[in-house]
Undergrad: 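First the structure, which I've put down as structure tokens, then a few questions once you've had a look.
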Amino acid sequence: MKPSTYYTRLADWRWIWLGLHALRPDTTSRFPVWKAVLMAAVYTLLWITFVFFLIDIIHPLPGTRPEFYDYRSPLGALLVVLGAACSVGHWLFTRLFWNQRVRGQATKEASHSRAPRWTLWIFSFIYIPIFSLATPVAAIISLENIWGSFRWHQVRNRLESAGEKLDFSDWDAGNVPTEKNINGLPIFQAARQNHEKHLRSLLNLPERYLPRNTSNSRATLTLEEWAAAYQFAITQQADPPNRPGPGISYLPPYPEAAPDADPATIVLQGLSVADVLMEEICAASHLPFLRSSTDQGLLDLTFHFSEQSVYRSIARFLRLRIKARLNAGESEAAMADLQCAMRLAVGMERKLLIEYLLHLSLCHVNALIVWDGIEQHGWDDDQLVSIQKQFEKMEFHEPLLGALAFERNWGIATMDEWSNPPVKKSQESPHQVNRTWPRYALRGWTRLSQVAIALTFDEWITPARSWHPDQNTLTGLEFLKQMDTKILRESHSYSIHHAVVKITLPAYEQAFKKSLKAKHAMQSAGIACALERYYIANQSYPKMLDALVPAYLKEIPRDIMDRSILKYERTKNGFIKLWSIGDDGVNNGGDSKEQIDWVWPME
């Protein structure tokens with residue numbers, strides 16, 4: 001059955017005209033335009049009403065509170081557009097083929113099909129999708145492509161005129177010579193090439209041989225426990241080596257220590273397998289660059305994760321070695337290791353959010369390293385003064401803003417790659433991203449998603465730029481509440497153009513909180529150094545923090561969350577505890593079990 005026959009026979013049915021004979025055109029007369037438009041409007045209205053009725057029964061409207069988003073607004077707009085397009089398309093095709101039949105009758109060329117009525121139902125599954133749905137959808141896609149390009153051009157010009165750098169090339173500092181970049185070391189090259197048994201195995205610790213399970217424990221491991229793990233690993237390596245199972249790291253052959261050796265000596269003997277490697281790493285930590293994008297395209301980020309695992313292994317290795325060296329009385333060697341760890345953490349380039357979060361993690365490990373020394377009273381006054389100054393200079397808020405802006409530009413540049421035609425790799429473009437499904441994505445959707453990314457990030461970054469934890473009347477609690485309100489509103493957006501933004505919301509929601517938490521940890525580490533200096537001079541810790549002013553601190557430290565005096569107490573075991581009220585705004589007495597307060601030291 002031809003489309004012309006199908007539509008003319010469909011229009012002959014009386015129920016198509018709601019049983020009104022006056023609306024049905026005469027079979028020998030031309031189809032009036034007003035009837036086509038009228039019937040399209042009638043059927044569109046009936047269809048939309050029916051769909052809304054079903055939606056309201058199946059999924060009623062949520063509460064009337066402002067944080068709830070009315071999903072029926074965008075859904076209704078979509079249904080109206082599609083319904084109108086389908087109905088108008090259907091009735092315009094009906095008029096076209098009806099008039100063709102009338103002209104055929106006038107010229108005696110009409111063919112009267114006598115096909116059974118049930119054939120209409122069969123061909124409905126073919127012609128209705130093609131003429132009433134596919135064609136209008138193609139028109140809608142074309143309109144969205146035009147609107148998306150216009151809207152993105154408009155938003156981009158507005159943001160760039162305000163000083164925003166949305167061009168990804170503005171952030172690309174280019175490649176640096178390998179000999180000037182710590183990431184050019186063989187250990188990082190092996191990690192990027194995903195070697196199964198590369199140099200990083202020398203940094204692996206015998207955690208699986210520890211005498212207790214530490215996965216659910218926040219207690220710090222003692223040197224005695226590590227010494228027992230090394231001794232057990234040495235007895236195991238005497239047997240023929242077995243290939244480690246999935247998730248189990250390779251362990252290097254550890255040298256045996258003397259039978260009467262103390263735990264610190266046993267641990268240092270086991271760690272000595274990586275002495276040459278660590279000497280190379282610490283020497284390279286003085287290099288001017290610590291950049292991941294040495295020989296990779298900036299949009300190809302898979303190599304970051306392999307490099308990050310190396311940095312974490314280095315930090316954990318140095319923490320254990322510093323603890324053992326302090327216990328063995330080698331404070332100068334421990335201080336040299338700590339300075340190496342500090343340079344690795346502070347010198348890291350923090351363009352991407354994952355690099356920024358790694359930076360926070362390394363700084364947190366360094367603070368715990370310092371605490372390990374304070375517990376042993378292993379640092380002298382000069383060392384503590386140097387460490388305290390380094391912690392006081394650490395800044396986390398501005399790097400976070402830069403990382404978020406870089407993430408915005410990375411997302412925009414990635415979608416530019418999706419929108420552009422596929423380009424084969426060449427010598428001029430050796431790092432072309434291998435695109436799969438995005439090359440078939442709707443260009444209008446891609447552009448409007450870029451608009452959503454740019455505007456959402458602008459809404460977050462602009463107020464954050466005018467705030468600083470040390471230089472603003474707005475407290476950390478008020479700032480987090482302000483940012484959470486913006487993120488909550490964005491999370492209730494049902495627009496398909498906000499899908500990419502919503503995927504990244506959980507990470508960005510925690511980024512500001514982690515930044516403030518890191519600031520508190522570094523502040524507390526610096527205060528702990530001042531408290532230890534007070535202990536060296538007086539053989540006891542002060543009852544209150546104001547005893548540190550002005551000899552050890554310039555002023556009484558404040559809680560960054562509410563600007564009150566930072567909470568402090570001497571613990572029963574003779575040490576100290578510092579804490580902030582945390583993001584709930586309630587002082588729970590330094591409760592670290594439920595992690596309600598931000599307690600330092602903490603694992």
Side-chain angles (χ1 to χ4, degrees), residues 148-176 289-305 307-308 348-359 396-420 423 429 431-435 438-439 441 443-466 483 486-487 490 497-512 515:
S149 298
F150 168 76
R151 181 63 175 150
W152 170 237
H153 180 74
Q154 183 185 48
V155 170
R156 180 166 191 144
N157 286 343
R158 180 171 65 83
L159 292 177
E160 287 181 338
S161 62
E164 293 290 340
K165 295 181 179 180
L166 300 181
D167 192 347
F168 199 64
S169 60
D170 294 338
W171 295 78
D172 185 4
N175 293 338
V176 297
F289 294 101
L290 201 162
R291 182 180 299 172
S292 296
S293 54
T294 52
D295 56 356
Q296 304 286 339
L298 281 175
L299 294 182
D300 187 7
L301 303 176
T302 55
F303 61 94
H304 282 274
F305 300 101
E307 292 181 352
Q308 287 185 22
M348 173 173 293
E349 191 171 70
R350 288 154 271 171
K351 280 186 176 181
L352 286 168
L353 188 59
I354 54 175
E355 294 174 337
Y356 175 81
L357 295 178
L358 175 62
H359 166 69
F396 299 101
H397 186 68
E398 292 297 329
L400 173 60
L401 298 181
L404 290 176
F406 190 87
E407 290 279 333
R408 172 196 62 193
N409 289 16
W410 178 76
I412 291 172
T414 301
M415 289 191 171
D416 278 335
E417 290 289 328
W418 294 358
S419 299
N420 296 331
V423 179
S429 181
H431 305 303
Q432 180 66 32
V433 177
N434 183 22
R435 298 189 298 274
R439 79 174 59 169
R443 188 168 300 180
W445 174 85
T446 304
R447 292 305 185 195
L448 291 174
S449 295
Q450 288 177 308
V451 171
I453 291 174
L455 293 181
T456 302
F457 275 72
D458 183 64
E459 187 179 7
W460 294 344
I461 293 175
T462 300
R465 283 173 176 163
S466 61
M483 302 308 296
K486 296 177 182 295
I487 293 174
E490 183 65 32
H497 305 120
H498 287 241
V500 176
V501 175
K502 292 182 68 174
I503 291 174
T504 59
L505 276 178
Y508 301 142
E509 185 177 7
Q510 294 295 321
F512 290 104
S515 174

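No experiment lies behind these values; they were computed from the predicted model shown.
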Undergrad: Is S161 reaching over with its side chain to a backbone N or O of N157, donor-acceptor style, under 3.5 angstrom?
TA: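 Pair found, side chain donor or acceptor close to backbone of N157.
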Undergrad: What's the shortest heavy-atom distance between L455 and R151, and which atoms?
TA: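 For L455 versus R151, the nearest heavy atoms are CD1-NH2, 3.9 Å.
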Undergrad: Please assess Q450 against D416 for the test side chain to side chain contact (heavy atoms under 4.5 Å, CB included), listing each intermediate value before the final yes or no.
TA: CA-CA 9 Å; Q450 288 177 308; D416 278 335; 2.9 Å; yes
Undergrad: Check whether any side-chain heavy atom of S449 lies under 4.5 Å from a side-chain heavy atom of M415, and answer yes or no.
TA: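 Touching, per the 4.5 Å side-chain cut-off.
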Undergrad: Distance check, rounded to the nearest 0.5 Å: L352 atom CG versus H359 atom NE2?
TA: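 The CG atom of L352 sits 14.5 Å away from the NE2 atom of H359.
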Undergrad: Nearest 0.5 Å please: distance from the CZ atom of R447 over to the NE2 atom of H153.
TA: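 Answer for the CZ-NE2 pair, R447 versus H153, is 11.5 Å.
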Undergrad: Run the numbers on L400 and L353 for side chain to side chain contact (heavy atoms under 4.5 Å, CB included), then give the verdict.
TA: CA-CA 8 Å; L400 173 60; L353 188 59; 4.0 Å; yes
Undergrad: Would you give the length of the straight line joining atom CZ of F406 to atom CD of E355, rounded to the nearest 0.5 angstrom?
TA: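 These two atoms lie 7.5 Å from each other.
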Undergrad: Between I354 and E407, which heavy-atom pair has the shortest distance, and what is it?
TA: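 Residues I354 and E407, closest heavy atoms: N-OE2, 4.3 Å.
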Undergrad: Nearest 0.5 Å, what's the CG-OH distance between L404 and Y356?
TA: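 Going from the CG atom of L404 to the OH atom of Y356 covers 8.5 Å.
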Undergrad: To the nearest 0.5 angstrom, please state how far the CZ atom of F457 sits from the CD1 atom of I412.
TA: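 Between F457 CZ and I412 CD1, I get 8.5 Å after rounding to 0.5 Å.
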Undergrad: Please tell me if the side chains of L166 and R408 come closer than 4.5 Å, counting only heavy atoms from C-beta onward.
TA: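 SC-SC contact between L166 and R408 confirmed.
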Undergrad: Under 3.5 Å, is there a donor-acceptor pair between the side chain of H397 and the main chain of A464?
TA: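 Present.
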Undergrad: If every non-hydrogen atom of A454 is compared with every non-hydrogen atom of L159, which pair is closest and at what distance?
TA: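 Looking at all heavy atoms of both residues, the shortest contact is CB-CD1, 3.7 Å.
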Undergrad: Return the CG to CD1 distance between D458 and I453, rounded to the nearest 0.5 Å.
TA: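 Between atom CG of D458 and atom CD1 of I453 there are 13.5 Å.
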